[in-house]
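The structure appears right after this line, and notes come after that.
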Amino acid sequence: MGKNIVLIGFMGTGKSSIGLRLAKRLGMEFVDMDREIEKITGLSISALFRLHGEVRFRSEEKLMAKKLSQRSDLVIATGGGVVLDEDNIRVLRENGILICLEASAKDIFRRVSRKKGTRPLLKKDFKIEDIEEMLNKRAAFYSCADYRVNTSGKDLNAVVQEIMELLVQK
Ligand code: S3P
């Protein structure tokens, strides 16, 4: 049984779209943590935040990190804040390779602006400065990754290829 491949990184860095393609290339199962939390709670992530608050979301996220790290051979797309809890990182690392996807604030802003309203941590009229501020606050948390891959200005398939090459080298 092989280790999981765990994609971490800020919102809008491409964890879900790249994860899905990577899993297909590797013939592995793809799991998106936020979608799993939505299935279990019966609520969208934004409804979960709105009705029960971030604390409840983080506790669902923690349970999900633990549950998924007990499985193998998965490509897991995490939510951008999974790294804020060191227990999550510990369990995900026990049975996984952590790959952090990165992107410029400008690209993140452009990508998350397309799906306004789905990311409860971003206020309605967020600006690129808000993204920059959050990126700065989060930077140290993402440094737990085994590998970092920059996705800015790259085609999804090129990023998948880059990850494949990293995995072969190791
Ligand atoms: C969050 C990122 C979101 C989602 C939730 C919290 C965060 O996932 O888990 O809104 O704290 O950065 P994406 O990274 O897929 O947007």
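All values below were derived from every heavy atom in this structure, side-chain atoms included, with hydrogens, water molecules and symmetry-related copies excluded.
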Query raised in the report: Is any side-chain heavy atom of M33 less than 4.5 Å from a side-chain heavy atom of I76?
Result: yes
Report summary line: Residues K115 and T118: closest non-hydrogen pair is O-OG1, 2.8 Å
Query raised in the report: For atom CD of E86, is the number of surrounding heavy atoms from other residues, nucleotides or ligands below 6.0 Å larger than 12?
Result: no
Requested in this report: Report the C-alpha separation of I131 and K106 in whole Å, then their side-chain angles, then the decisive distance to 0.1 Å, and conclude whether the side-chain contact (heavy atoms from CB on, under 4.5 Å) test is met.
Outcome: CA-CA 9 Å; I131 303 283; K106 202 172 148 198; over 6 Å; no
Query raised in the report: With no hydrogens and no angle check, is any side-chain donor or acceptor of K62 less than 3.5 Å from a backbone partner on N88?
Result: no
Requested in this report: Please check if V160 and V75 belong to a single hydrophobic cluster, counting links between Ile, Leu, Val, Met, Phe, Trp and Tyr side chain heavy atoms closer than 4.5 Å.
Outcome: yes
Query - Donor-acceptor pair, side chain of K39 and main chain of D34, under 3.5 angstrom - result: no
**Report entry** Spacing of L98 atom CG and R148 atom CZ [to the nearest 0.5 Å]
**Finding:** 11.5 Å
Report task. Check L156 against S17 and note the closest heavy-atom contact, atom names and distance. Result -> CD1-CB, 4.1 Å
Report task. Mind listing the closest non-hydrogen atom pair of D146 and G96 along with its distance? Result -> OD2-O, 4.2 Å
**Report entry** CG-CZ distance between N157 and R21, expressed to the nearest 0.5 angstrom
**Finding:** 6.0 Å
**Report entry** Short N-O contact, E132 and K127, less than 4.0 angstrom
**Finding:** no
**Report entry** Nearest-0.5 Å distance, CZ of residue F126 to CD of residue E133
**Finding:** 14.0 Å
Query raised in the report: Got L101 and I18 here, is their nearest side-chain heavy-atom distance under 4.5 Å?
Result: yes
Query - Interatomic distance, T151 atom OG1 to E102 atom CD [nearest 0.5 angstrom] - result: 8.5 Å
Query raised in the report: In Å, rounded to the nearest 0.5 Å, how long is the span from CG of L48 to CZ of R58?
Result: 10.5 Å
Query - Flag side-chain contact, heavy atom, 4.5 Å: N4 against I97 - result: no
Report task. Heavy atoms only: give me the nearest Y142-G80 pair and the separation to one decimal. Result -> OH-O, 2.6 Å
Requested in this report: Evaluate the salt bridge (charged side-chain N to carboxylate O under 4.0 Å, His left out) criterion for residues E36 and K67: first the C-alpha distance (whole Å), next the side-chain angles of each, then the deciding distance (0.1 Å), finally the verdict.
Outcome: CA-CA 11 Å; E36 294 301 305; K67 189 168 150 188; 5.9 Å; no
Report task. Decide yes or no on side-chain contact (heavy atoms from CB on, under 4.5 Å) for E162 and K154, but give the supporting numbers first. Result -> CA-CA 10 Å; E162 213 174 307; K154 288 179 197 160; 3.0 Å; yes
Query raised in the report: Are the side chains of E38 and I45 in touch, meaning some heavy atoms are under 4.5 Å apart?
Result: yes
**Report entry** Side-chain touch D130/L122, heavy atoms, less than 4.5 angstrom
**Finding:** no
Query raised in the report: Is it the case that more than 12 heavy atoms not belonging to D125 sit under 6.0 Å from its CG atom?
Result: no
Report task. Just do the side-chain contact (heavy atoms from CB on, under 4.5 Å) check on R56 and E60 with the steps written out, would you? Result -> CA-CA 6 Å; R56 168 75 189 280; E60 295 291 346; 2.9 Å; yes
Query raised in the report: Is there a chain of hydrophobic side chains (I, L, V, M, F, W, Y, each step under 4.5 Å between heavy atoms) that links I128 to L121?
Result: yes
Query - Closest heavy-atom pair and its distance - D107, S152 - result: OD2-OG, 2.8 Å
Query raised in the report: Is L20 reachable from V6 through a run of I, L, V, M, F, W or Y residues, each pair having side-chain heavy atoms under 4.5 Å apart?
Result: no
Query raised in the report: Stepwise, does the side-chain contact (heavy atoms from CB on, under 4.5 Å) test hold for M28 with I5?
Result: CA-CA 10 Å; M28 288 167 76; I5 296 168; 4.1 Å; yes
Query - Same apolar cluster: L68 and L84, side chain cutoff 4.5 Å - result: yes
Report task. Please examine the side chains of N95 and R71, heavy atoms only from C-beta on, and report whether any two atoms are closer than 4.5 Å. Result -> no
Query - Check: R93 and C144 side chains under 4.5 Å, non-hydrogen atoms - result: yes
Query raised in the report: What about Y147 and L26, same hydrophobic cluster or not, with Ile/Leu/Val/Met/Phe/Trp/Tyr joined at side-chain heavy-atom distances under 4.5 Å?
Result: yes
Report task. Measure the CZ-CZ distance between R138 and F141 for me, rounded to the nearest 0.5 Å. Result -> 8.0 Å
Report task. For the residue pair F49 and F57, categorise the inter-ring angle as parallel (less than 30°), tilted (30 to 60°) or perpendicular (more than 60°). Result -> tilted
Report task. Could you tell me which non-hydrogen atom of G9 sits nearest to which non-hydrogen atom of C100, and how far apart they are? Result -> CA-SG, 4.0 Å
Report task. Answer whether the closest heavy-atom distance between the side chains of I163 and I99 falls below 4.5 Å. Result -> yes
